[in-house]
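Take a look at the structure below.
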Amino acid sequence: MEEDLKNGRYKQIITRFPPEPNGYLHIGHASSICLNFGLTKKYGGYTNLRFDDTNPATEETEYVESIKEDVKWLGFEWKHELYASDYFDQLFEYAKKLIKKGLAYVDDSTSEEMAAQKGTPTEPGKNSPYRNRSIEENLDLFERMEAGEFPDGSRTLRAKIDMAHINMIMRDPVLYRIKHEHHHRTGDKWNVYPMYDMAHGQSDAMEHITHSICTLEFVPHRELYDWLIEKLEIYPSHQYEFARRNINYTVTSKRKLMQLVNEKYVAGWDDPRMSTISGLRRRGYTPESIRDFCDRIGVAKRENMVDVGLLEFCVREDLNKKALRRMVVFDPLKLVITNYPSGNAEEYLETENNPEDEKAGVRKIPFSNELYIEREDFMENPPKKYFRLAPGQMVRLKSAYIIKCDEVIKDASGNVTELHCSYIPESRSGNDTSGINVKGTLHWVSVKHAITAEVRLYDRLFKVEDPTDEAGDFKDYINPESLHVVAAAFAEPELKNAKFEERYQFIRKGYFTLDKDSSTSGIVFNRTVTLKDSWKPAPAATGKKEGK
RNA sequence: UGACCCAUGGUGUAAUGGUAACACUACUGAUUUUGGUUCAGUCAUUUAUGGUUCGAAUCCAUAUGGGUCAACCA
């Protein structure tokens, strides 16, 4: 499409990203951002960031700031930062031009009366009794609407098109309405505000937007978009539509996201379970992974439901290259190495920070005779093909030694409290001369060197693929286990120096990032995504692993 | 029961009248000091019926299915 247009029709492509500042951007907007900015980056040209702030009742500066931050974070630069409200003077003139051409009139009907006049998709509408006012009277009334002489809702300016039009959008649509409301940018200057249709295409025209890209629900508006451009005799921008991207197990609707925030189902717009850009950012998603995701899902006009698994694939792929490997035990089981010197004996073992990236370097990790391993990495009566620790079995401790489980210690009620193992001194990582081969490798931390950290494990926010498609309220389908907090996980000491800019892979546990709730008194990590896990204990035994 | 938009493996997207493909998922196997990564492979696709054409996913018609439109929201 763009290539044809480049053949002489336009010298350059100009697009715009037009958010309404009444909420935070979500993953669906990311698609639109990547499309609009990506197109002009590819074909040459530029993209404006234009806030569609024509409704002062719902719009706030807080949202403007968050939107700018999110677009920048995603890695895009806009040419001009603009606001539909910048054009209010010009738009008002445009409205008067329509009146003068006999193409718009002031209507005193109430919204109920107007709805009744409108007809239905299968029946034509009826003309408003105010439809044939004189140009002079319309002009006078419209000026007085602006002057603040009339209360909210008492009058509107409507286009004079055709109340029997097959396209209901064309049945004398409202162009301007009275609102004595404080606007986040123009303050109390205006008493009338343009509707979307009276502002969007006109703003596009003023900016010489060549491709005004929006979602499918605006298809019927295109006829009005073109009509206004024609009658106003302004730059002929063109509107193109694509289907919004839906992702399963979440919602991408500002209204619904706001409900989750206001009704405290989540901690805020940037709760890591939210589909907002700020939520994904806090969760540990990278801009690269989100852009890659948007590229992969593409654009089309058909209804769609993208698998969240693809988003997870994209972030795993990116993080695998970037994340520093660390060892953290979530649910500790103490392990004593009986043939290793006790007391203050320790040694520092070298291990790579990222096997996928030599430049990431190496670090030292402390080893001693008392370690923690993951409780789930031991089974007293293992099924076959269990590669982890079990009585009499051997495993490798990552970057350390091969150990053998000699004895299982239990408390009075039979719970396993401790494991006694022996290590093979010749099996030390890097210069293993033992000749022993083991299938399993476990992560571990030294008890006396470990630090504690809070770890927040997230799962999908909804239990069903499409909560808006289910009976009843979408909030009835919230996954009660979407957040699992490990209050005190045991981490290798290196993590004391965790940084917000760095990404981590806790070996065998997933990808993690430092959360903003971290303070000097305690550090907090968010799990971005689990590692892919192809281990299945037994047919139909434990089912799906958490977070997958 | 009006108009408009849409229909390609489980999912998403290509194929511009000329061999239906790519990615994700799932499943095999190899490698692996992460049951990760990597590598090799397997399963699986044009909604239906007609028509035009030497040739149709593509063009036409009809049907079916899904979506949108009756806010002083965007």
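Numbered from 1 within each chain, the chains take letters A, B, ... in sequence-line order.
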### Touch class at under 4.0 angstrom, heavy-atom based, for G440(A) against every strand present
nothing

### Query
Does a distance-only test, which skips hydrogens and angles, find a donor-acceptor pair under 3.5 Å between the side chain of H221(A) and the base of A74(B)?
yes

### Message
So, under a plain 3.5 Å distance rule, would you say the side chain of R508(A) forms a donor-acceptor pair with the base of U34(B)?
### Response
no

### Query
I297(A) near the nucleic acid: base, sugar-phosphate alone, or nothing, with a heavy-atom cut-off under 4.0 Å?
sugar-phosphate

### Query
Contact class for K385(A) vs. all strands (heavy atom < 4.0 Å): base, sugar-phosphate, or nothing?
base

#### Entry: Sugar-phosphate only, base, or nothing, as touched by Y386(A) at under 4.0 Å among non-hydrogen atoms
base

### Query
Which part of the nucleic acid does F218(A) contact within heavy-atom distance under 4.0 Å: base, sugar-phosphate only, or nothing?
base

### Summary
Atom CE of M114(A) and atom P of A71(B) are separated, to the nearest Å, by 9 Å

### Query
N167(A) near the nucleic acid: base, sugar-phosphate alone, or nothing, with a heavy-atom cut-off under 4.0 Å?
nothing

### Query
Which part of the nucleic acid, if any, lies within reach of P355(A) when heavy atoms closer than 4.0 Å are counted: base, sugar-phosphate only, or nothing?
base

### Query
What is the base-pairing partner of G12(B), counting Watson-Crick and G-U wobble geometry with both distances under 3.5 Å?
C22(B)

### Task
Report which part of the nucleic acid F313(A) touches: base, sugar-phosphate, or nothing (heavy-atom distance under 4.0 Å, all strands).
sugar-phosphate

### Query
If you find the nucleotide of RNA chain B closest to K118(A) and the one closest to G298(A), which residue's nucleotide is nearer the 5' end?
G298(A)

### Query
Can you list the steps and then say if E374(A) with K509(A) is a salt bridge (charged side-chain N to carboxylate O under 4.0 Å, His left out)?
CA-CA 10 Å; E374(A) 211 70 65; K509(A) 303 301 278 184; 3.6 Å; yes

### Task
State whether R296(A) and D292(A) are salt-bridged, where the test is any N-O pair (Lys NZ or Arg NE/NH1/NH2 against Asp/Glu carboxylate O) under 4.0 Å.
yes

## Note on the structure
As its Watson-Crick or G-U partner within any shown strand, both distances under 3.5 Å, U62(B) has A48(B)

### Message
For a quick check of understanding: with a heavy-atom distance under 4.0 Å over all strands, which category does E356(A) fall into, base, sugar-phosphate or nothing?
### Response
base

### Message
So S109(A), base contact, sugar-phosphate only, or nothing? Heavy-atom distance under 4.0 Å.
### Response
base

### Message
Need one value for E123(A): base, sugar-phosphate or nothing, where a base atom within 4.0 Å counts as base even if backbone is also close, heavy atoms only.
### Response
nothing

### Task
Under 4.0 Å between any heavy atoms, over every strand shown, what does V299(A) touch: base, sugar-phosphate, or nothing? Just pick one.
sugar-phosphate

### Query
Is the NZ or CZ atom of K404(A) positioned over Y423(A)'s six-membered ring, under 6.0 angstrom from the centre and within 45° of the axis?
no

### Query
Strictly by modelled atom types, are E59(A) and N22(A) linked by a side-chain donor-acceptor pair under 3.5 Å?
no

### Task
Any chance you could lay out the salt bridge (charged side-chain N to carboxylate O under 4.0 Å, His left out) test for K96(A) and E143(A), step after step, and finish with the verdict?
CA-CA 9 Å; K96(A) 287 196 286 190; E143(A) 300 270 11; 3.3 Å; yes

### Query
Who does U28(B) pair with, Watson-Crick or G-U, both distances under 3.5 Å?
A40(B)

### Message
At 4.0 Å (heavy atoms only), tell me whether T54(A) reaches a base, stays on the sugar-phosphate, or touches nothing.
### Response
sugar-phosphate

### Among C24(B), G36(B), C73(B), the one nearest R325(A) by side-chain distance
G36(B)

### Query
In whole Å, what is the span from the CZ atom of R245(A) to the P atom of U13(B)?
5 Å

### Task
Provide, to the nearest angstrom, the distance between the CG atom belonging to L311(A) and the P atom belonging to C24(B).
15 Å

### Message
How many whole angstroms separate atom OH of Y423(A) from atom P of U33(B)?
### Response
21 Å

### Task
Could you tell me whether K398(A) contacts a base, only the sugar-phosphate backbone, or nothing, with contacts defined as non-hydrogen atoms closer than 4.0 Å?
base

### Query
Nearest to the side chain of P121(A) - G2(B), A26(B), C72(B)?
G2(B)

